Amino acid sequence: MEYCTNKILKSISLLLLISTLSSCSIAKDQKKQESEVLDFKSIEFSETLPITYARYFSIKRSGDCNYSLVSIQGEKNIIIIEENKQIPANIPSDYVVLQKPLNKTYLVSSSVMDFLLKLDVLDRVKFSGTKKENWYLDKAINAMEKGSLVYAGKYSAPDYELLYSNKTDLSIQNTMIYHKPEVKEKLEQLGIPVLVEKSSYEKNPLGKIEWIKLYGLLFDREKEAAEFFNSKIQEFSALESPEHTDKTIAFFYITSNGTISVRKPGDYIAESIKMAGGKYFLESKNLEEENALSSMIMQSEDFYLKGRNADILVYNSTIDGMITEKSLLLAKYPMIKDFSAFKNNKIYCTDKKFFQETSGAVDFMTDLNKILKNKDNDLKYLVKIQ
């Protein structure tokens with residue numbers, strides 16, 4: 001009996017010893033991990049991603065490529081952390097923190113969708129700020145029909161409960177969100193990081209396309225993004241004789257109250273016209289400095305004075321749809337009958353999908369180059385108004 005008791009006591013002592021050693025080992029490991037906590041200030045963002053034409057964003061990376069720092073002009077800095085990598089301590093409180101993988105994005109900026117389609121990452125977008133009937137991109141429409149992409153409210157009125165309950169990990173907005181700052185604040189309070197993109201601010205259309213590099217980084221398609229961008233540069237380089245033609249193009253649409261909305265001289269549309277070999281009908285530099293908007297309103301009389309001698313008119317179909325007949329344009333703006341382009345049948349309308357196919361800037365310049373040379377065949381984004 002005494003033997004059994006001693007044996008039991010020895011076993012208990014052994015178990016206590018093992019337990020103590022295990023506890024010590026765990027405590028030691030915890031202490032080691034605590035001592036190895038990565039401090040944000042210790043990260044050296046020594047690698048700079050080459051950005052050729054874009055001016056509104058930049059990307060720097062750590063030497064091991066585990067951490068990326070994205071700067072978007074006028075916005076909060078963004079730190080992107082690779083999957084399963086430690087979130088550094090002491091990240092500045094005003095930084096946006098994104099931990100990969102990003103698989104449940106709420107996409108509000110519709111111009112970004114085309115980039116994501118080109119990178120084949122539509123499955124990473126779960127929520128749309130655009131209704132199905134307002135998409136002109138077939139894959140986005142199909143995704144909404146199948147239910148893999150769900151409407152979660154526009155920028156000013158998102159479905160917070162839907163987004164929160166589904167653990168949305170990123171919201172991509174454009175600057176419209178600043179008309180509703182309380183929405184941005186609420187999303188962030190719910191733990192949904194907000195990225196405000198500014199590709200539309202780029203003056204150079206090639207810079208606008210270069211934003212695909214940012215989305216390549218976000219969704220692990222960096223190689224594909226670089227290859228796509230380089231292919232577009234090659235297409236532009238091959239553009240047939242883009243030298244200046246001295247022909248003038250007016251890009252506009254007529255608002256519901258009869259005023260005329262035009263692009264500013266420094267806008268990427270105006271720059272596209274110049275790069276395609278034409279001349280934008282507005283040249284005043286003062287117009288660019290009034291505010292950051294890319295468009296401006298002209299009174300019908302002012303548009304008449306500035307645009308009646310333009311060689312070509314291009315009607316923007318984005319707001320109120322396409323116009324296919326001159327009579328419809330005449331009904332909207334009777335004074336257009338005196339315009340040289342109207343008399344010479346040199347009027348075009350943008351295709352409805354033009355502004356959603358963001359990556360098509362080179363194709364648009366190719367179209368412009370063709371109509372400047374009196375070639376109306378095989379246009380991608382422009383339709384002649386008969």
Side-chain angles (χ1 to χ4, degrees), residues 45-61 65 67-80 95-96 98 102 105 107-119 121 170 172-178 194-237 239 242 263-276 280 288 291-295 354-366 368:
F45 295 99
S46 55
E47 306 292 330
T48 300
L49 187 74
I51 303 296
T52 309
Y53 298 98
R55 295 293 176 264
Y56 277 80
F57 83 99
S58 62
I59 299 172
K60 292 184 177 181
R61 308 194 71 173
C65 293
Y67 301 92
S68 300
L69 187 63
V70 176
S71 298
I72 297 176
Q73 194 174 127
E75 303 299 328
K76 295 179 179 180
N77 284 330
I78 302 167
I79 179 169
I80 301 174
Y95 275 40
V96 177
L98 299 178
L102 300 168
T105 295
L107 179 61
V108 177
S109 181
S110 59
S111 63
V112 174
M113 178 60 85
D114 188 43
F115 289 140
L116 303 186
L117 294 178
K118 295 297 187 294
L119 295 174
V121 292
L170 173 62
I172 301 178
Q173 305 269 348
N174 56 35
T175 53
M176 290 294 289
I177 191 65
Y178 288 120
V194 176
L195 183 156
V196 181
E197 68 95 24
K198 291 185 173 179
S199 60
S200 64
Y201 281 47
E202 297 290 350
K203 308 294 186 184
N204 190 320
L206 299 177
K208 187 179 177 72
I209 300 175
E210 197 163 18
W211 277 71
I212 197 171
K213 292 180 179 179
L214 172 58
Y215 303 110
L217 171 62
L218 286 171
F219 298 106
D220 303 307
R221 294 290 190 276
E222 293 177 71
K223 179 183 177 183
E224 293 83 351
E227 289 175 350
F228 180 83
F229 178 70
N230 290 336
S231 71
K232 290 300 173 182
I233 297 301
Q234 291 174 4
E235 286 179 23
F236 176 71
S237 299
L239 188 63
R263 310 297 285 206
K264 289 184 179 178
D267 175 64
Y268 82 94
I269 292 290
E271 191 64 25
S272 295
I273 291 170
K274 296 173 186 175
M275 291 172 68
Y280 189 56
E288 299 177 41
N291 53 53
L293 298 176
S294 60
S295 60
F354 168 57
F355 278 103
Q356 287 188 2
E357 288 197 353
T358 316
S359 64
V362 175
D363 296 298
F364 179 59
M365 285 189 280
T366 300
L368 292 171

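Just so we're clear, the structure is a prediction, and the values are computed from it rather than from any experiment. All values below come from the heavy atoms of this structure, side chains included, with hydrogens, waters and symmetry mates left out.
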Exercise. Taking it one step at a time, do Ile80 and Leu218 satisfy side-chain contact (heavy atoms from CB on, under 4.5 Å)?
Worked result: CA-CA 8 Å; Ile80 301 174; Leu218 286 171; 3.5 Å; yes
Can you tell me how far [atom2] of [Y] sits from [atom1] of [X], rounded to the nearest 0.5 angstrom?
X      : Y      : atom1 : atom2 : answer
Ile72  : Thr175 : CD1   : OG1   : 11.5 Å
Leu116 : Arg221 : CG    : CZ    : 10.5 Å
Lys232 : Asp363 : NZ    : CG    : 4.5 Å
Arg55  : Lys203 : CZ    : NZ    : 12.5 Å
Leu107 : Gln173 : CG    : CD    : 9.0 Å
Ser71  : Phe45  : OG    : CZ    : 9.5 Å

Exercise. Is a donor on one side and an acceptor on the other found under 3.5 Å between the side chain of Lys213 and the backbone of Pro50?
Worked result: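 Checking the backbone N and O of Pro50 against the side chain of Lys213, a donor-acceptor pair under 3.5 Å is found.
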Exercise. Has the side chain of Glu47 got a donor or acceptor atom that lies under 3.5 Å from a matching backbone atom of Cys65?
Worked result: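 Checked: no pair found.
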Minimum side-chain heavy-atom gap [X]-[Y] below 4.5 Å:
X      : Y      : result
Leu195 : Leu170 : yes
Val196 : Met176 : no
Leu206 : Met275 : yes
Tyr280 : Arg263 : yes
Asn174 : Glu197 : yes
Ile172 : Tyr215 : yes
Leu217 : Val70  : yes

Problem set entry | Salt bridge Glu271-Lys208, side-chain N to carboxylate O under 4.0 Å |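 Answer for the salt bridge query: no.
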Atom of [X], atom of [Y] and distance for their closest heavy-atom approach:
X      : Y      : answer
Ile209 : Ser359 : CD1-O, 4.0 Å
Leu98  : Ile78  : CD1-CG2, 3.7 Å
Ala276 : Leu368 : CB-CB, 3.7 Å
Ser199 : Ser111 : OG-OG, 4.1 Å
Glu202 : Tyr53  : OE1-O, 4.1 Å
Leu214 : Ile59  : CA-CD1, 4.2 Å

For this session: Starting from the C-alpha separation in whole Å, work towards a yes-or-no answer on side-chain contact (heavy atoms from CB on, under 4.5 Å) for Thr366 and Leu239.
Result: CA-CA 7 Å; Thr366 300; Leu239 188 63; 3.3 Å; yes
Problem set entry | side-chain contact (heavy atoms from CB on, under 4.5 Å) evaluation trace for Ile212 with Leu119 | CA-CA 8 Å; Ile212 197 171; Leu119 295 174; 3.9 Å; yes
Problem set entry | Pi-cation contact, Tyr56 with Lys198 (under 6.0 Å, within 45°) |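 No, Lys198 does not lie over the aromatic ring of Tyr56.
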For this session: Please determine which of Phe228, Phe57, Phe229, Tyr268 meets the ring-ring contact (aromatic ring centres under 6.0 Å, His included) test together with Trp211.
Result: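 Answer after filtering Phe228, Phe57, Phe229, Tyr268: Phe57.
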